[in-house]
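Read through the structure below, which is laid out as C-alpha coordinates, and then see the notes.
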Protein chains: 2
Amino acid sequence: MAADARVLEDLRAAILRGEFAPRQRLVEAELCERFDASRFAVRAALQALEADGLVERQRNVGARIREIGIEEAVEISEVRQVVEGLIARRAAERASDAEAEALATIGREMHAAVAAGEVGEYSDLNARLHSTLRDIACHEKANGIIAHLHGQMVRHQFALSHQPGRSKVSVWQHQAIIDAVVARDGDAAEAAMRAHIASVIEALRAIATP
Amino acid sequence: MAADARVLEDLRAAILRGEFAPRQRLVEAELCERFDASRFAVRAALQALEADGLVERQRNVGARIREIGIEEAVEISEVRQVVEGLIARRAAERASDAEAEALATIGREMHAAVAAGEVGEYSDLNARLHSTLRDIACHEKANGIIAHLHGQMVRHQFALSHQPGRSKVSVWQHQAIIDAVVARDGDAAEAAMRAHIASVIEALRAIATP
DNA sequence: CCGACCTGTATTGTCGACAATATTGTCGAT
DNA sequence: ATCGACAATATTGTCGACAATACAGGTCGG
(Lines give C-alpha, C1' and ligand atoms only; values in the text may rest on other atoms or scores of the structure.)
Protein backbone atom coordinates (compact mmCIF):
# COMPACT_ATOMS: atom_id res chain seq x y z
CA MET A 1 0.00 0.00 0.00
CA ALA A 2 0.91 3.64 -0.17
CA ALA A 3 1.51 3.01 -3.85
CA ASP A 4 0.03 6.46 -4.14
CA ALA A 5 3.05 8.24 -2.76
CA ARG A 6 5.51 6.15 -4.72
CA VAL A 7 3.84 6.97 -8.04
CA LEU A 8 3.71 10.64 -7.12
CA GLU A 9 7.41 10.79 -6.29
CA ASP A 10 8.49 8.72 -9.28
CA LEU A 11 6.40 10.75 -11.68
CA ARG A 12 7.55 14.04 -10.21
CA ALA A 13 11.17 12.91 -10.41
CA ALA A 14 10.69 11.85 -14.03
CA ILE A 15 9.23 15.24 -14.93
CA LEU A 16 11.98 17.09 -13.10
CA ARG A 17 14.53 14.93 -14.87
CA GLY A 18 13.03 16.25 -18.08
CA GLU A 19 11.78 12.92 -19.36
CA PHE A 20 8.66 14.50 -20.75
CA ALA A 21 8.48 17.28 -23.29
CA PRO A 22 6.44 20.40 -22.54
CA ARG A 23 2.81 20.02 -23.57
CA GLN A 24 3.30 16.28 -23.88
CA ARG A 25 0.12 14.46 -22.99
CA LEU A 26 0.13 12.25 -19.94
CA VAL A 27 -2.36 9.50 -20.62
CA GLU A 28 -3.49 7.82 -17.44
CA ALA A 29 -3.38 4.31 -18.89
CA GLU A 30 0.22 4.76 -20.05
CA LEU A 31 1.32 5.97 -16.65
CA CYS A 32 -0.46 3.05 -15.04
CA GLU A 33 1.62 0.66 -17.08
CA ARG A 34 4.89 2.54 -16.71
CA PHE A 35 4.67 2.75 -12.93
CA ASP A 36 2.75 -0.48 -12.53
CA ALA A 37 0.06 1.24 -10.54
CA SER A 38 -3.69 1.54 -10.57
CA ARG A 39 -5.41 4.38 -12.32
CA PHE A 40 -6.49 5.53 -8.90
CA ALA A 41 -2.94 6.17 -7.80
CA VAL A 42 -2.07 7.82 -11.08
CA ARG A 43 -5.02 10.16 -10.88
CA ALA A 44 -4.10 11.20 -7.36
CA ALA A 45 -0.54 11.89 -8.47
CA LEU A 46 -1.71 13.95 -11.41
CA GLN A 47 -3.98 15.99 -9.17
CA ALA A 48 -1.12 16.67 -6.78
CA LEU A 49 1.20 17.57 -9.62
CA GLU A 50 -1.41 19.96 -10.96
CA ALA A 51 -1.44 21.76 -7.62
CA ASP A 52 2.34 21.86 -7.88
CA GLY A 53 2.03 23.61 -11.22
CA LEU A 54 3.99 20.92 -13.04
CA VAL A 55 1.10 19.59 -15.10
CA GLU A 56 -2.12 21.14 -16.33
CA ARG A 57 -5.40 19.35 -16.79
CA GLN A 58 -8.50 19.99 -18.81
CA ARG A 59 -11.76 18.38 -17.94
CA ASN A 60 -12.49 15.32 -20.04
CA VAL A 61 -9.36 15.94 -22.07
CA GLY A 62 -6.54 14.91 -19.84
CA ALA A 63 -3.28 16.01 -18.33
CA ARG A 64 -0.21 17.36 -20.03
CA ILE A 65 3.15 18.72 -18.99
CA ARG A 66 2.75 22.41 -18.36
CA GLU A 67 4.82 24.58 -20.65
CA ILE A 68 6.56 27.41 -18.89
CA GLY A 69 7.41 30.19 -21.30
CA ILE A 70 10.13 32.76 -20.88
CA GLU A 71 7.69 35.38 -19.62
CA GLU A 72 6.51 33.06 -16.87
CA ALA A 73 10.09 32.03 -16.07
CA VAL A 74 10.87 35.71 -15.62
CA GLU A 75 7.92 36.15 -13.27
CA ILE A 76 9.01 33.14 -11.28
CA SER A 77 12.51 34.54 -11.05
CA GLU A 78 11.18 37.90 -9.90
CA VAL A 79 9.43 36.23 -7.01
CA ARG A 80 12.51 34.13 -6.32
CA GLN A 81 14.48 37.36 -6.27
CA VAL A 82 12.64 38.74 -3.28
CA VAL A 83 12.10 35.47 -1.44
CA GLU A 84 15.72 34.36 -1.80
CA GLY A 85 16.58 37.88 -0.73
CA LEU A 86 14.67 37.22 2.47
CA ILE A 87 16.50 33.93 2.89
CA ALA A 88 19.90 35.55 2.40
CA ARG A 89 19.04 38.23 4.94
CA ARG A 90 17.92 35.66 7.50
CA ALA A 91 21.02 33.58 6.85
CA ALA A 92 23.21 36.58 7.54
CA GLU A 93 21.35 37.23 10.77
CA ARG A 94 21.46 33.66 12.01
CA ALA A 95 24.61 32.00 10.67
CA SER A 96 26.84 30.31 13.22
CA ASP A 97 30.60 30.47 12.80
CA ALA A 98 30.66 26.90 11.50
CA GLU A 99 27.94 27.69 8.97
CA ALA A 100 29.75 30.80 7.79
CA GLU A 101 32.90 28.74 7.31
CA ALA A 102 30.94 26.16 5.30
CA LEU A 103 29.74 28.92 2.98
CA ALA A 104 33.26 30.28 2.58
CA THR A 105 34.44 26.80 1.63
CA ILE A 106 31.76 26.51 -1.05
CA GLY A 107 32.93 29.87 -2.35
CA ARG A 108 36.51 28.67 -2.67
CA GLU A 109 35.40 25.47 -4.40
CA MET A 110 33.35 27.55 -6.83
CA HIS A 111 36.35 29.63 -7.82
CA ALA A 112 38.34 26.44 -8.31
CA ALA A 113 35.61 24.88 -10.44
CA VAL A 114 35.38 27.95 -12.65
CA ALA A 115 39.16 28.10 -13.02
CA ALA A 116 39.16 24.44 -14.06
CA GLY A 117 36.23 24.98 -16.40
CA GLU A 118 34.12 22.32 -14.66
CA VAL A 119 30.60 23.47 -15.50
CA GLY A 120 28.86 20.44 -14.01
CA GLU A 121 30.76 20.77 -10.76
CA TYR A 122 30.02 24.49 -10.65
CA SER A 123 26.32 23.85 -11.19
CA ASP A 124 26.31 21.40 -8.27
CA LEU A 125 28.09 23.91 -6.05
CA ASN A 126 25.57 26.55 -7.05
CA ALA A 127 22.74 24.32 -5.90
CA ARG A 128 24.62 23.53 -2.71
CA LEU A 129 25.20 27.20 -1.93
CA HIS A 130 21.55 28.09 -2.23
CA SER A 131 20.50 25.01 -0.30
CA THR A 132 22.98 25.76 2.48
CA LEU A 133 21.63 29.29 2.73
CA ARG A 134 18.13 27.88 3.06
CA ASP A 135 19.27 25.56 5.83
CA ILE A 136 20.82 28.46 7.70
CA ALA A 137 17.86 30.76 7.21
CA CYS A 138 15.63 27.99 8.53
CA HIS A 139 12.46 29.58 7.19
CA GLU A 140 9.99 26.84 6.34
CA LYS A 141 7.54 28.95 4.37
CA ALA A 142 10.19 30.68 2.29
CA ASN A 143 12.00 27.41 1.64
CA GLY A 144 8.76 25.75 0.59
CA ILE A 145 7.96 28.49 -1.90
CA ILE A 146 11.43 28.37 -3.38
CA ALA A 147 11.20 24.60 -3.79
CA HIS A 148 7.84 25.08 -5.45
CA LEU A 149 9.14 27.68 -7.86
CA HIS A 150 12.34 25.78 -8.53
CA GLY A 151 10.37 22.77 -9.76
CA GLN A 152 8.81 24.85 -12.52
CA MET A 153 12.15 26.30 -13.56
CA VAL A 154 14.23 23.16 -14.07
CA ARG A 155 14.08 23.29 -17.85
CA HIS A 156 15.22 26.91 -18.04
CA GLN A 157 17.70 26.42 -15.23
CA PHE A 158 19.32 23.76 -17.37
CA ALA A 159 19.51 26.08 -20.36
CA LEU A 160 21.02 28.79 -18.16
CA SER A 161 23.75 26.69 -16.63
CA HIS A 162 24.88 25.69 -20.10
CA GLN A 163 25.14 29.30 -21.21
CA PRO A 164 28.86 29.69 -21.92
CA GLY A 165 30.63 32.31 -19.82
CA ARG A 166 27.89 32.71 -17.24
CA SER A 167 29.86 31.08 -14.46
CA LYS A 168 32.65 33.65 -14.74
CA VAL A 169 30.12 36.40 -14.03
CA SER A 170 28.03 34.67 -11.42
CA VAL A 171 30.92 33.41 -9.34
CA TRP A 172 31.56 36.93 -8.10
CA GLN A 173 27.90 37.50 -7.40
CA HIS A 174 27.92 34.34 -5.33
CA GLN A 175 31.04 35.51 -3.57
CA ALA A 176 29.35 38.79 -2.68
CA ILE A 177 26.47 36.90 -1.09
CA ILE A 178 28.85 34.71 0.90
CA ASP A 179 30.90 37.70 2.04
CA ALA A 180 27.80 39.52 3.25
CA VAL A 181 26.57 36.50 5.20
CA VAL A 182 30.00 35.91 6.72
CA ALA A 183 30.05 39.59 7.72
CA ARG A 184 26.56 39.09 9.24
CA ASP A 185 25.29 42.00 7.13
CA GLY A 186 21.62 41.29 6.38
CA ASP A 187 21.07 44.30 4.13
CA ALA A 188 24.11 43.52 2.03
CA ALA A 189 23.18 39.84 1.80
CA GLU A 190 19.72 40.65 0.53
CA ALA A 191 21.06 43.18 -1.95
CA ALA A 192 23.70 40.77 -3.22
CA MET A 193 21.17 38.00 -3.68
CA ARG A 194 18.85 40.34 -5.53
CA ALA A 195 21.62 41.49 -7.81
CA HIS A 196 22.54 37.89 -8.52
CA ILE A 197 19.01 36.90 -9.50
CA ALA A 198 18.59 40.12 -11.46
CA SER A 199 21.44 38.90 -13.61
CA VAL A 200 19.72 35.52 -13.95
CA ILE A 201 16.62 37.32 -15.22
CA GLU A 202 18.71 39.24 -17.71
CA ALA A 203 20.25 36.01 -18.96
CA LEU A 204 16.77 34.50 -19.28
CA ARG A 205 15.63 37.40 -21.41
CA ALA A 206 18.79 37.07 -23.50
CA ILE A 207 17.91 33.45 -24.26
CA ALA A 208 14.45 34.56 -25.35
CA THR A 209 15.79 36.96 -27.98
CA PRO A 210 18.93 35.47 -29.51
CA MET B 1 -21.12 16.98 -13.49
CA ALA B 2 -18.31 19.11 -12.23
CA ALA B 3 -19.69 18.52 -8.77
CA ASP B 4 -16.05 18.26 -7.91
CA ALA B 5 -15.31 21.93 -8.34
CA ARG B 6 -18.44 23.03 -6.54
CA VAL B 7 -17.63 21.01 -3.45
CA LEU B 8 -14.06 22.32 -3.49
CA GLU B 9 -15.15 25.94 -3.68
CA ASP B 10 -17.91 25.56 -1.11
CA LEU B 11 -15.69 23.76 1.33
CA ARG B 12 -12.86 26.23 0.87
CA ALA B 13 -15.26 29.12 1.38
CA ALA B 14 -16.62 27.50 4.51
CA ILE B 15 -13.14 27.06 5.93
CA LEU B 16 -12.16 30.61 5.02
CA ARG B 17 -15.36 31.85 6.63
CA GLY B 18 -14.11 30.17 9.78
CA GLU B 19 -16.91 27.63 10.06
CA PHE B 20 -14.51 24.98 11.27
CA ALA B 21 -12.30 25.16 14.30
CA PRO B 22 -8.57 24.49 13.97
CA ARG B 23 -7.74 20.80 14.30
CA GLN B 24 -11.40 19.95 13.83
CA ARG B 25 -11.78 16.65 12.06
CA LEU B 26 -13.31 16.63 8.61
CA VAL B 27 -15.04 13.29 8.25
CA GLU B 28 -15.66 12.44 4.63
CA ALA B 29 -19.13 11.06 5.23
CA GLU B 30 -20.23 14.22 7.02
CA LEU B 31 -18.99 16.42 4.20
CA CYS B 32 -20.77 14.19 1.70
CA GLU B 33 -24.04 14.84 3.45
CA ARG B 34 -23.45 18.54 4.03
CA PHE B 35 -22.59 19.27 0.42
CA ASP B 36 -24.78 16.55 -1.00
CA ALA B 37 -21.90 15.12 -2.97
CA SER B 38 -20.24 11.79 -3.47
CA ARG B 39 -17.29 10.71 -1.40
CA PHE B 40 -15.28 10.90 -4.57
CA ALA B 41 -15.83 14.62 -4.94
CA VAL B 42 -15.15 15.20 -1.25
CA ARG B 43 -11.89 13.28 -1.38
CA ALA B 44 -10.72 15.27 -4.37
CA ALA B 45 -11.58 18.51 -2.59
CA LEU B 46 -9.72 17.44 0.54
CA GLN B 47 -6.66 16.54 -1.48
CA ALA B 48 -6.70 19.92 -3.19
CA LEU B 49 -7.18 21.70 0.12
CA GLU B 50 -4.25 19.79 1.54
CA ALA B 51 -2.06 21.11 -1.26
CA ASP B 52 -3.40 24.55 -0.39
CA GLY B 53 -2.21 24.09 3.17
CA LEU B 54 -5.68 24.58 4.60
CA VAL B 55 -6.18 21.02 5.83
CA GLU B 56 -3.77 18.30 6.85
CA ARG B 57 -4.28 14.60 6.39
CA GLN B 58 -2.89 11.48 7.99
CA ARG B 59 -3.05 8.14 6.27
CA ASN B 60 -5.96 6.04 7.46
CA VAL B 61 -6.84 8.64 10.03
CA GLY B 62 -8.43 11.41 8.11
CA ALA B 63 -8.38 15.11 7.42
CA ARG B 64 -8.51 17.98 9.85
CA ILE B 65 -8.33 21.73 9.69
CA ARG B 66 -4.70 22.74 9.87
CA GLU B 67 -3.83 24.83 12.86
CA ILE B 68 -1.62 27.78 12.07
CA GLY B 69 0.25 28.97 15.14
CA ILE B 70 1.61 32.44 15.71
CA GLU B 71 5.12 31.39 14.72
CA GLU B 72 3.87 30.15 11.38
CA ALA B 73 1.70 33.22 10.92
CA VAL B 74 4.83 35.32 11.43
CA GLU B 75 6.72 33.30 8.82
CA ILE B 76 3.85 33.70 6.39
CA SER B 77 3.84 37.44 7.01
CA GLU B 78 7.58 37.63 6.46
CA VAL B 79 7.16 36.10 3.03
CA ARG B 80 4.18 38.34 2.36
CA GLN B 81 6.36 41.26 3.33
CA VAL B 82 8.79 40.74 0.47
CA VAL B 83 6.27 39.52 -2.11
CA GLU B 84 3.83 42.36 -1.45
CA GLY B 85 6.86 44.60 -1.57
CA LEU B 86 7.48 43.34 -5.08
CA ILE B 87 3.83 43.96 -5.95
CA ALA B 88 3.94 47.51 -4.60
CA ARG B 89 7.09 48.23 -6.58
CA ARG B 90 5.56 46.90 -9.79
CA ALA B 91 2.37 48.83 -9.15
CA ALA B 92 4.36 52.04 -8.81
CA GLU B 93 6.16 51.29 -12.06
CA ARG B 94 3.05 50.42 -14.04
CA ALA B 95 0.12 52.41 -12.65
CA SER B 96 -1.89 54.41 -15.16
CA ASP B 97 -3.26 57.80 -14.14
CA ALA B 98 -6.73 56.33 -13.66
CA GLU B 99 -5.34 53.56 -11.48
CA ALA B 100 -3.40 56.04 -9.37
CA GLU B 101 -6.55 58.07 -8.88
CA ALA B 102 -8.46 54.95 -7.82
CA LEU B 103 -5.82 54.29 -5.15
CA ALA B 104 -5.99 57.86 -3.94
CA THR B 105 -9.76 57.52 -3.61
CA ILE B 106 -9.39 54.38 -1.52
CA GLY B 107 -6.97 56.31 0.68
CA ARG B 108 -9.49 59.09 1.26
CA GLU B 109 -12.24 56.58 2.04
CA MET B 110 -9.92 54.90 4.53
CA HIS B 111 -9.34 58.12 6.42
CA ALA B 112 -13.08 58.71 6.47
CA ALA B 113 -13.77 55.21 7.77
CA VAL B 114 -11.22 55.59 10.54
CA ALA B 115 -12.60 58.99 11.51
CA ALA B 116 -16.10 57.47 11.69
CA GLY B 117 -14.82 54.48 13.63
CA GLU B 118 -16.15 52.02 11.04
CA VAL B 119 -13.87 49.03 11.58
CA GLY B 120 -15.74 46.71 9.20
CA GLU B 121 -15.68 49.29 6.43
CA TYR B 122 -12.00 49.95 7.03
CA SER B 123 -11.25 46.25 6.86
CA ASP B 124 -13.01 46.03 3.50
CA LEU B 125 -11.09 49.02 2.18
CA ASN B 126 -7.87 47.43 3.35
CA ALA B 127 -8.64 44.31 1.32
CA ARG B 128 -9.60 46.47 -1.66
CA LEU B 129 -6.38 48.46 -1.50
CA HIS B 130 -4.19 45.38 -1.56
CA SER B 131 -6.31 43.79 -4.26
CA THR B 132 -6.17 46.92 -6.41
CA LEU B 133 -2.40 46.99 -6.05
CA ARG B 134 -2.28 43.37 -7.20
CA ASP B 135 -4.40 44.23 -10.23
CA ILE B 136 -2.10 47.08 -11.15
CA ALA B 137 1.07 45.06 -10.60
CA CYS B 138 -0.40 42.37 -12.82
CA HIS B 139 2.08 39.74 -11.67
CA GLU B 140 0.39 36.35 -11.83
CA LYS B 141 2.95 34.42 -9.84
CA ALA B 142 3.21 36.96 -7.05
CA ASN B 143 -0.57 37.32 -6.88
CA GLY B 144 -0.99 33.58 -6.72
CA ILE B 145 1.44 33.24 -3.84
CA ILE B 146 -0.22 36.05 -1.92
CA ALA B 147 -3.64 34.43 -2.40
CA HIS B 148 -2.17 31.17 -1.18
CA LEU B 149 -0.64 32.71 1.91
CA HIS B 150 -3.69 34.84 2.62
CA GLY B 151 -5.88 31.74 2.84
CA GLN B 152 -3.80 30.40 5.71
CA MET B 153 -3.91 33.73 7.55
CA VAL B 154 -7.64 34.42 7.65
CA ARG B 155 -8.05 33.49 11.29
CA HIS B 156 -5.21 35.70 12.47
CA GLN B 157 -6.17 38.44 10.04
CA PHE B 158 -9.54 38.53 11.73
CA ALA B 159 -7.96 38.81 15.16
CA LEU B 160 -5.72 41.61 13.88
CA SER B 161 -8.45 43.72 12.34
CA HIS B 162 -10.34 43.64 15.63
CA GLN B 163 -7.31 44.86 17.54
CA PRO B 164 -8.49 48.22 18.88
CA GLY B 165 -6.50 51.20 17.70
CA ARG B 166 -4.68 49.41 14.89
CA SER B 167 -6.51 51.25 12.14
CA LYS B 168 -5.30 54.63 13.42
CA VAL B 169 -1.71 53.42 12.97
CA SER B 170 -2.09 51.50 9.74
CA VAL B 171 -4.04 54.15 7.89
CA TRP B 172 -0.91 56.25 7.61
CA GLN B 173 1.14 53.29 6.49
CA HIS B 174 -1.43 52.66 3.78
CA GLN B 175 -1.31 56.31 2.82
CA ALA B 176 2.47 56.09 2.45
CA ILE B 177 2.10 53.17 0.05
CA ILE B 178 -0.50 55.03 -1.99
CA ASP B 179 1.58 58.19 -2.11
CA ALA B 180 4.61 56.26 -3.33
CA VAL B 181 2.65 54.54 -6.07
CA VAL B 182 1.02 57.79 -7.15
CA ALA B 183 4.50 59.35 -7.29
CA ARG B 184 5.62 56.34 -9.38
CA ASP B 185 8.44 55.73 -6.90
CA GLY B 186 9.09 51.98 -6.88
CA ASP B 187 11.71 52.01 -4.14
CA ALA B 188 9.50 54.02 -1.82
CA ALA B 189 6.48 51.86 -2.56
CA GLU B 190 8.35 48.69 -1.69
CA ALA B 191 9.78 50.26 1.47
CA ALA B 192 6.36 51.52 2.56
CA MET B 193 4.75 48.15 2.00
CA ARG B 194 7.50 46.44 3.95
CA ALA B 195 7.14 48.86 6.82
CA HIS B 196 3.40 48.27 6.83
CA ILE B 197 3.72 44.51 7.03
CA ALA B 198 6.51 44.80 9.57
CA SER B 199 3.97 46.50 11.80
CA VAL B 200 1.52 43.68 11.12
CA ILE B 201 4.16 41.20 12.26
CA GLU B 202 4.73 43.21 15.42
CA ALA B 203 1.00 43.21 16.13
CA LEU B 204 0.91 39.45 15.58
CA ARG B 205 3.68 38.94 18.10
CA ALA B 206 1.84 41.23 20.50
CA ILE B 207 -1.22 39.01 20.30
CA ALA B 208 0.93 35.99 21.06
CA THR B 209 2.19 37.42 24.36
CA PRO B 210 -0.64 39.38 25.95
C1' DC C 1 -14.52 20.63 -54.12
C1' DC C 2 -15.84 22.20 -49.60
C1' DG C 3 -18.24 22.26 -45.37
C1' DA C 4 -21.36 20.35 -41.88
C1' DC C 5 -22.84 16.52 -39.61
C1' DC C 6 -22.59 12.21 -37.69
C1' DT C 7 -20.62 8.01 -35.89
C1' DG C 8 -16.79 5.27 -33.67
C1' DT C 9 -13.05 5.20 -30.64
C1' DA C 10 -10.02 6.71 -27.16
C1' DT C 11 -9.82 8.85 -22.76
C1' DT C 12 -11.35 10.66 -18.67
C1' DG C 13 -15.16 11.21 -14.91
C1' DT C 14 -18.02 9.01 -11.48
C1' DC C 15 -19.63 5.77 -8.52
C1' DG C 16 -20.58 1.91 -5.25
C1' DA C 17 -18.68 -1.99 -2.97
C1' DC C 18 -15.14 -4.10 -0.44
C1' DA C 19 -10.55 -4.24 2.00
C1' DA C 20 -7.31 -2.25 5.22
C1' DT C 21 -6.47 0.40 9.13
C1' DA C 22 -6.94 3.19 13.31
C1' DT C 23 -9.74 4.24 17.25
C1' DT C 24 -12.72 3.17 20.86
C1' DG C 25 -14.86 0.34 24.28
C1' DT C 26 -14.96 -3.87 27.07
C1' DC C 27 -13.41 -7.48 29.76
C1' DG C 28 -10.41 -10.01 32.70
C1' DA C 29 -6.26 -10.49 35.47
C1' DT C 30 -3.22 -8.72 38.85
C1' DA D 1 -8.58 0.18 40.74
C1' DT D 2 -5.34 -0.03 36.85
C1' DC D 3 -3.29 -1.96 33.07
C1' DG D 4 -3.09 -4.88 29.12
C1' DA D 5 -5.09 -7.44 25.46
C1' DC D 6 -8.78 -8.22 22.51
C1' DA D 7 -13.05 -7.31 19.95
C1' DA D 8 -16.24 -3.97 17.83
C1' DT D 9 -16.84 0.06 15.28
C1' DA D 10 -15.86 3.95 12.56
C1' DT D 11 -13.26 5.80 8.91
C1' DT D 12 -10.40 5.91 5.19
C1' DG D 13 -7.91 3.43 1.09
C1' DT D 14 -8.35 0.85 -3.18
C1' DC D 15 -10.23 -0.99 -7.02
C1' DG D 16 -12.91 -2.38 -11.20
C1' DA D 17 -16.80 -1.36 -13.97
C1' DC D 18 -19.67 1.78 -16.29
C1' DA D 19 -21.08 6.50 -17.93
C1' DA D 20 -19.93 10.81 -20.06
C1' DT D 21 -17.26 13.39 -22.97
C1' DA D 22 -14.05 14.96 -26.57
C1' DC D 23 -11.64 14.04 -30.77
C1' DA D 24 -10.85 12.04 -35.51
C1' DG D 25 -12.21 10.32 -39.62
C1' DG D 26 -15.46 9.42 -42.88
C1' DT D 27 -19.87 10.46 -45.27
C1' DC D 28 -23.43 13.03 -47.29
C1' DG D 29 -25.39 17.21 -49.26
C1' DG D 30 -24.63 21.52 -51.46
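Just so you know, these numbers come straight off a predicted model, no measurement behind them. In what follows, chains carry the letters A, B, and so on, assigned in the order in which the sequence lines appear, proteins first and then strands, with residues in each chain numbered from 1.
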Any B:Ser38 side-chain nitrogen or oxygen under 4.0 Å from OP1 or OP2 of C:dT14: no
Between D:dT12 (P) and B:Arg39 (CZ): distance, integer Å: 7 Å
Residue from A:His174, A:Glu109, A:Lys168 passing side chain to side chain donor-acceptor pair (under 3.5 Å) with A:Tyr122: A:His174
Integer-rounded Å distance: C:dA22 P and B:Gln58 CD: 11 Å
Atom-pair distance (CZ on A:Arg64; P on C:dT12), nearest Å: 11 Å
Note: B:Glu101-B:Arg108 ion pair, threshold 4.0 Å (strictly below): yes
Distance test, side-chain N/O of B:Arg59 to OP1/OP2 of D:dT14, below 4.0 Å: yes
Separation of D:dA19 P from B:Phe40 CZ (nearest whole Å): 16 Å
Note: A:Arg184-A:Asp97 ion pair, threshold 4.0 Å (strictly below): yes
B:Glu30 side chain reached by B:Arg34 side chain, heavy atoms, under 4.5 Å: no
Nucleotide C:dA10, atom P - distance to CD of A:Glu33 in whole Å: 15 Å
Whole-Å gap separating P (D:dT12) and CG (B:Asn60): 10 Å
Nearest-nucleotide pick for B:Val61, side chain only, options being C:dT12, C:dA22, D:dT12: C:dA22
Side-chain N,O (B:Arg43) to OP1/OP2 (D:dG13) below 4.0 Å: yes
Whole angstrom value for the distance that separates C1' of D:dC15 from CG of A:Asp36: 14 Å
Sugar-phosphate, base or nothing in reach of B:Leu46, heavy atoms under 4.0 Å: nothing
Any N/O donor-acceptor pair, B:Arg57 side-chain to D:dG13 base, under 3.5 Å: no
Atom pair distance, as rounded to whole Å: CZ in B:Arg6 and P in C:dT14: 12 Å
Atom pair CD1/CG of B:Ile136 and B:Leu103 - distance to nearest 0.5 Å: 4.0 Å
